[in-house]
J.: 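Just passing along the structure, written as structure tokens.
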Amino acid sequence: AYLNRLCLNAFLQWSQENLNLKTPASAFPNEEVLPMLWEFLTGFGINLYGKRLVLIPSDAIDMADFAVPQEWVDIPNLAADYYLPVQIDLENHSIHFWGFVSRRTLKAKADFDSIYRLYYVEEDWVIPNLEMLESASNFCDEKGQVVPL
């Protein structure tokens, strides 16, 4: 929950400073529900550019891949259009937004671990430039069909 809150605050601040947003980014499902979800799930959702993003914070040093909990991908009410891995270095007090990957790419290219219910996405599939997110969100439906579990 602590890493999620740090990441949420940092992303909201970064988006206000670096993106020309007509409407500010907002959390989903909503700010009241997120702390309860954080007891069970890593990550949180953001509404931005008319799309849903899920940020997945990690304090891991090695970021060759990142893990997305199945709930954020396969539950229709939580599924997002894009997933953003975030590296948090508590020792150096820094946060690195690693990039983004679409749900469609994640479903097609990620390795699913059915025991831990995690999708593992390799670094090669992550688009590193967050400024490209607005352009990417305007092209096509990157969410795909979400079939209920």
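Since we're looking at a predicted model, the values are computed, not measured.
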J.: Check side-chain contact (heavy atoms from CB on, under 4.5 Å) between N47 and all other residues, then give those that pass, not counting sequence neighbours.
T.: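 By the side-chain contact (heavy atoms from CB on, under 4.5 Å) rule, N47 matches S26, F28, R52.
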J.: From L106 CG over to F100 CZ, what is the distance, rounded to the nearest 0.5 angstrom?
T.: 13.5 Å
J.: I'd like to check the side-chain contact (heavy atoms from CB on, under 4.5 Å) partners of A10; sequence neighbours left out, ordered by chain and number.
T.: I95, F97
J.: Distance from R104 atom CZ to D81 atom CG, nearest 0.5 Å?
T.: 10.0 Å
J.: Evaluate the side-chain proximity of W98 to P128: yes if any heavy-atom separation is below 4.5 Å, no if none is.
T.: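 P128 does not reach W98 side chain to side chain.
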J.: Quick check: do L41 and E71 have side-chain heavy atoms less than 4.5 Å from each other?
T.: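 Result yes, sub-4.5 Å side-chain heavy-atom pair found.
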J.: Report the distance from atom CZ of F44 to atom SG of C7, rounding to the nearest 0.5 Å.
T.: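 These two atoms lie 4.0 Å from each other.
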J.: To the nearest 0.5 Å, how far apart are NZ in K109 and OG in S102?
T.: 10.5 Å
J.: Does any part of the side chain of I46, heavy atoms only, come nearer than 4.5 Å to the side chain of L8, both counted from C-beta?
T.: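 SC-SC contact between L8 and I46 confirmed.
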J.: Indicate yes or no for a side-chain donor-acceptor contact from T105 to the backbone of V101 under 3.5 Å, with no hydrogens or angles considered.
T.: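 Answer holds: no.
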J.: Whether the side chain of W72 engages the backbone of T42 through a donor-acceptor N/O pair (distance < 3.5 Å, no angle test) should be reported.
T.: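 Looks like yes, one N/O pair under 3.5 Å.
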J.: Within a strict 4.5 Å, meaning less than it, do heavy atoms of the F11 and L6 side chains meet?
T.: no
J.: Mind checking whether V73 and R103 have side chains closer than 4.5 Å, heavy atoms only?
T.: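 Result yes, sub-4.5 Å side-chain heavy-atom pair found.
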J.: Output side-chain donor-acceptor pairs under 3.5 Å for residues 119-127, partner residues at least two apart or in another chain, one line each.
T.:
{"unit_1": "Y119", "atom_1": "OH", "unit_2": "D74", "atom_2": "OD1", "d": "3.3"}
{"unit_1": "Y119", "atom_1": "OH", "unit_2": "D74", "atom_2": "OD2", "d": "2.8"}
{"unit_1": "Y119", "atom_1": "OH", "unit_2": "K107", "atom_2": "NZ", "d": "2.9"}

J.: Considering residues at least two apart in sequence or located in another chain, which fulfil the side-chain contact (heavy atoms from CB on, under 4.5 Å) criterion with Y116?
T.: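 If we apply the side-chain contact (heavy atoms from CB on, under 4.5 Å) test to Y116, skipping adjacent residues, the hits are D113, L118.
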J.: How would you list, by chain and number, every residue that makes a side chain to side chain donor-acceptor pair (under 3.5 Å) with E91, sequence neighbours excluded?
T.: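 Scan of E91 (side chain to side chain donor-acceptor pair (under 3.5 Å), adjacent residues dropped) gives none.
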J.: With S94, which residues qualify under side-chain contact (heavy atoms from CB on, under 4.5 Å), at least two apart?
T.: D89, N92
J.: Does the side chain of L3 reach to within under 4.5 Å of the side chain of D59, using non-hydrogen atoms?
T.: yes
